[in-house]
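A short worksheet on the structure shown next.
Quick note: residue numbers are just sequence positions, from 1.
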Amino acid sequence: MEKVTRTQLNNRDYMSFPLRIEASGSTVSSRARHVREQIEQILFTNPGERWYRPEFGIGAVALVFEPNHQVMWELVKKRLLASLAEALKGEVLPETLSVKVEGENEKLKIIISYQMAALAHTENLEFLLNGGGK
């Protein structure tokens, strides 16, 4: 991941996810790392897993057991774009958010690109899923 220079806009700390407690208190993440952690939460949370947000998450780990073809890729892309647009409102520029899903044999690759709002910082994240997990 590219190093982000801390500025007044980016100088806020967020509680990291997953939550970790150290002697000095909870661990913190930068704004850029926090956005990545939010994306990971959406990818790896199963729908219905959150009590008050049953529609949250796409359950990416379970997708490796689905038929790996174009129809599934398009469905995942649409669900992921909708979930990310809602969860990252105000954090990323909506017009820069893009998702690419592709697969081969037992592997599923998800590529997410976005530009952070007010920072002019672009991220390209790649997640490779296979039968063995993340």
Side-chain angles (χ1 to χ4, degrees):
M1 182 188 317
E2 182 181 324
K3 182 92 169 145
V4 177
T5 304
R6 292 183 69 106
T7 64
Q8 191 168 6
L9 287 173
N10 192 31
N11 202 20
R12 292 186 45 195
D13 289 326
Y14 298 84
M15 284 184 14
S16 62
F17 183 86
L19 180 65
R20 292 178 303 280
I21 305 294
E22 297 176 343
S24 61
S26 81
T27 57
V28 294
S29 296
S30 67
R31 185 173 181 187
R33 181 72 192 155
H34 175 70
V35 171
R36 181 185 171 90
E37 290 168 350
Q38 286 180 295
I39 292 170
E40 289 174 353
Q41 287 180 61
I42 292 166
L43 279 172
F44 301 113
T45 300
N46 293 317
E49 191 174 323
R50 291 223 174 155
W51 239 169
Y52 296 105
R53 294 187 66 194
E55 73 289 343
F56 184 86
I58 68 159
V61 173
L63 295 174
V64 298
F65 301 107
E66 298 295 329
N68 197 0
H69 55 75
Q70 186 71 32
V71 175
M72 192 226 6
W73 304 341
E74 288 300 317
L75 178 64
V76 170
K77 179 180 176 178
K78 287 180 183 179
R79 286 176 54 198
L80 190 51
L81 272 172
S83 294
L84 290 172
E86 180 186 338
L88 300 177
K89 211 179 288 181
E91 293 286 347
V92 304
L93 299 173
E95 63 273 9
T96 66
L97 186 60
S98 73
V99 173
K100 182 178 179 186
V101 180
E102 55 191 36
E104 183 180 336
N105 298 325
E106 77 286 354
K107 295 179 181 160
L108 182 67
K109 186 185 333 184
I110 301 172
I111 302 166
I112 302 169
S113 302
Y114 58 90
Q115 182 177 347
M116 294 184 61
L119 292 182
H121 174 73
T122 301
E123 288 277 344
N124 295 301
L125 307 177
E126 185 175 312
F127 300 90
L128 183 62
L129 305 168
N130 58 38
K134 294 191 231 182

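Listed here is the closest heavy atom pair of Pro47 and Gly59: CD-N, 3.8 Å. Considering every non-hydrogen atom in both Leu108 and Met72, the closest pair reads CD1-CE, 3.9 Å. Across Ala87 and Ile42, no two heavy atoms sit closer than the pair CB-CD1, 3.4 Å. The two residues Ile58 and Ser83 come nearest to each other via the heavy atoms CG2-OG, 4.2 Å.
Looking at Lys100 and Glu102, a side-chain N of the basic residue comes within less than 4.0 Å of a carboxylate O on the acidic one, giving a salt bridge. Residues Glu86 and Arg53 are paired through a salt bridge, judged by an N-O separation under 4.0 Å between the basic side chain and the carboxylate.
If you chain together hydrophobic residues whose side chains sit under 4.5 Å apart, Leu84 and Leu93 never meet in one group. Placement of Leu80 and Phe65 within a single hydrophobic cluster is found when ILVMFWY residues are connected by side-chain heavy-atom separations under 4.5 Å, directly or transitively.
Between the side chains of Gln41 and Glu37, not a single donor N or O lies within less than 3.5 Å of an accepting N or O.
When side chains are defined from C-beta on, Phe127 counts as touching Glu40, because their heavy atoms get closer than 4.5 Å. Side-chain contact between Gln38 and Glu91 is present, with heavy atoms from C-beta onward closer than 4.5 Å. Between Lys109 and Leu129 the shortest side-chain heavy-atom distance does not fall below 4.5 Å. With a 4.5 Å cut-off on side-chain heavy atoms, Arg31 and Leu119 count as touching. Side-chain contact between Leu43 and Val61: absent, with no pair of heavy atoms (C-beta onward) separated by less than 4.5 Å. Lys78 is not listed as a side-chain neighbour of Val76, based on a closest heavy-atom distance of 4.5 Å or more. Contact of the Val99 side chain with the Ile111 side chain is not registered, since no non-hydrogen atoms from C-beta on lie closer than 4.5 Å.
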> Given Arg36 and Leu125, is the side-chain contact (heavy atoms from CB on, under 4.5 Å) satisfied, shown in steps?
Replying inline: CA-CA 8 Å; Arg36 181 185 171 90; Leu125 307 177; 2.9 Å; yes
> How far apart are the C-alpha atoms of Ile110 and Glu126, what are their side-chain angles, what is the distance that settles it, and do they pass the side-chain contact (heavy atoms from CB on, under 4.5 Å) test?
Replying inline: CA-CA 6 Å; Ile110 301 172; Glu126 185 175 312; over 6 Å; no
>> Applying side chain to side chain donor-acceptor pair (under 3.5 Å) to Ser113 and Glu123, what does each step give before you reach the verdict?
In response: CA-CA 6 Å; Ser113 302; Glu123 288 277 344; over 6 Å; no
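By the 6.0 Å contact criterion, CD on Glu104 is open, its count of non-hydrogen atoms from other residues, nucleotides or ligands being 12 or less.
Of the candidates Thr122, Leu88, Leu97, Asn124, Tyr114 forms a side-chain contact (heavy atoms from CB on, under 4.5 Å) with just one, namely Leu97.
Side chain of Thr45 to backbone of Gly57: no donor-acceptor contact under 3.5 angstrom is found. Judged by distance alone, with hydrogens and angles left aside, the side-chain atoms of Asn68 form a donor-acceptor pair with the main-chain N or O of Asn105 at under 3.5 Å.
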